[in-house]
Amino acid sequence: MTTASRFPEPYGQSGSGANLADILERVLDKGVVIAGDIKINLLDIELLTIKLRLVIASVDKAKEMGIDWWETDPALSSRARQNELAKENAELRERLERLQELAPGSVPTEEEEAQ
């Protein structure tokens, strides 16, 4: 009987990479939710409450759960940024048309500017 067989393998040796990959795959496939609240009170007066919610999941699993905020965030999605600019452009054109209706001749139209 050898002493090596009685002790578990230390971290970082062969096989642990596969185990870590399996664990990561399971976590991303199933999803994990970590929730916690931090409250700071002074003499029974609540000064601060922090609610922490962390969801770890794959993109597909998150979409199944109805989480897709990254698709509509202009900082993360070029499509959302284009949609935001198109919406702003349409609003500005509508405002310009209303101004031209209120005071015709005072605001030049696109055709007048081109001449």
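Index from 1, following the sequence. Predicted model only: the values in this text are computed from it and were never measured.
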- Message: Can you tell me how far apart CD (Glu97) and CZ (Arg93) are? Round to the nearest 0.5 Å.
- Response: 8.5 Å
Without placing hydrogens or testing angles, list every side-chain donor-acceptor pair under 3.5 Å for residues 58-68, not counting sequence neighbours.
from: Ser58; atom 1: OG; to: Leu28; atom 2: O; distance (Å): 3.2
from: Ser58; atom 1: OG; to: Lys61; atom 2: N; distance (Å): 3.2
from: Lys63; atom 1: NZ; to: Glu71; atom 2: OE2; distance (Å): 2.8

- Which pairs pass salt bridge (charged side-chain N to carboxylate O under 4.0 Å, His left out) with one or both residues in residues 25-35, sequence neighbours excluded? none
- Query: Are Val27 and Ile34 co-members of a hydrophobic cluster defined by side-chain heavy atoms under 4.5 Å apart?
  - Reply: yes
- Query: To the nearest 0.5 Å, what is the distance between CD (Glu101) and CZ (Arg98)?
  - Reply: 9.0 Å
- Message: Count I, L, V, M, F, W, Y as connected when their side-chain heavy atoms are under 4.5 Å apart, and connections chain through other members. Are Ile23 and Ile56 then in the same cluster?
- Response: yes
- Kindly give the heavy-atom pair with the smallest separation between Ala57 and Gly31, and that separation in Å. CB-CA, 4.0 Å
What side-chain donor-acceptor pairs closer than 3.5 Å can you find for residues 42-55, not counting sequence neighbours?
from: Glu46; atom 1: OE2; to: Thr49; atom 2: OG1; distance (Å): 2.2
from: Arg53; atom 1: NH1; to: Gly36; atom 2: O; distance (Å): 3.1
from: Arg53; atom 1: NH1; to: Asp37; atom 2: OD1; distance (Å): 3.1
from: Arg53; atom 1: NH2; to: Asp37; atom 2: OD1; distance (Å): 3.2

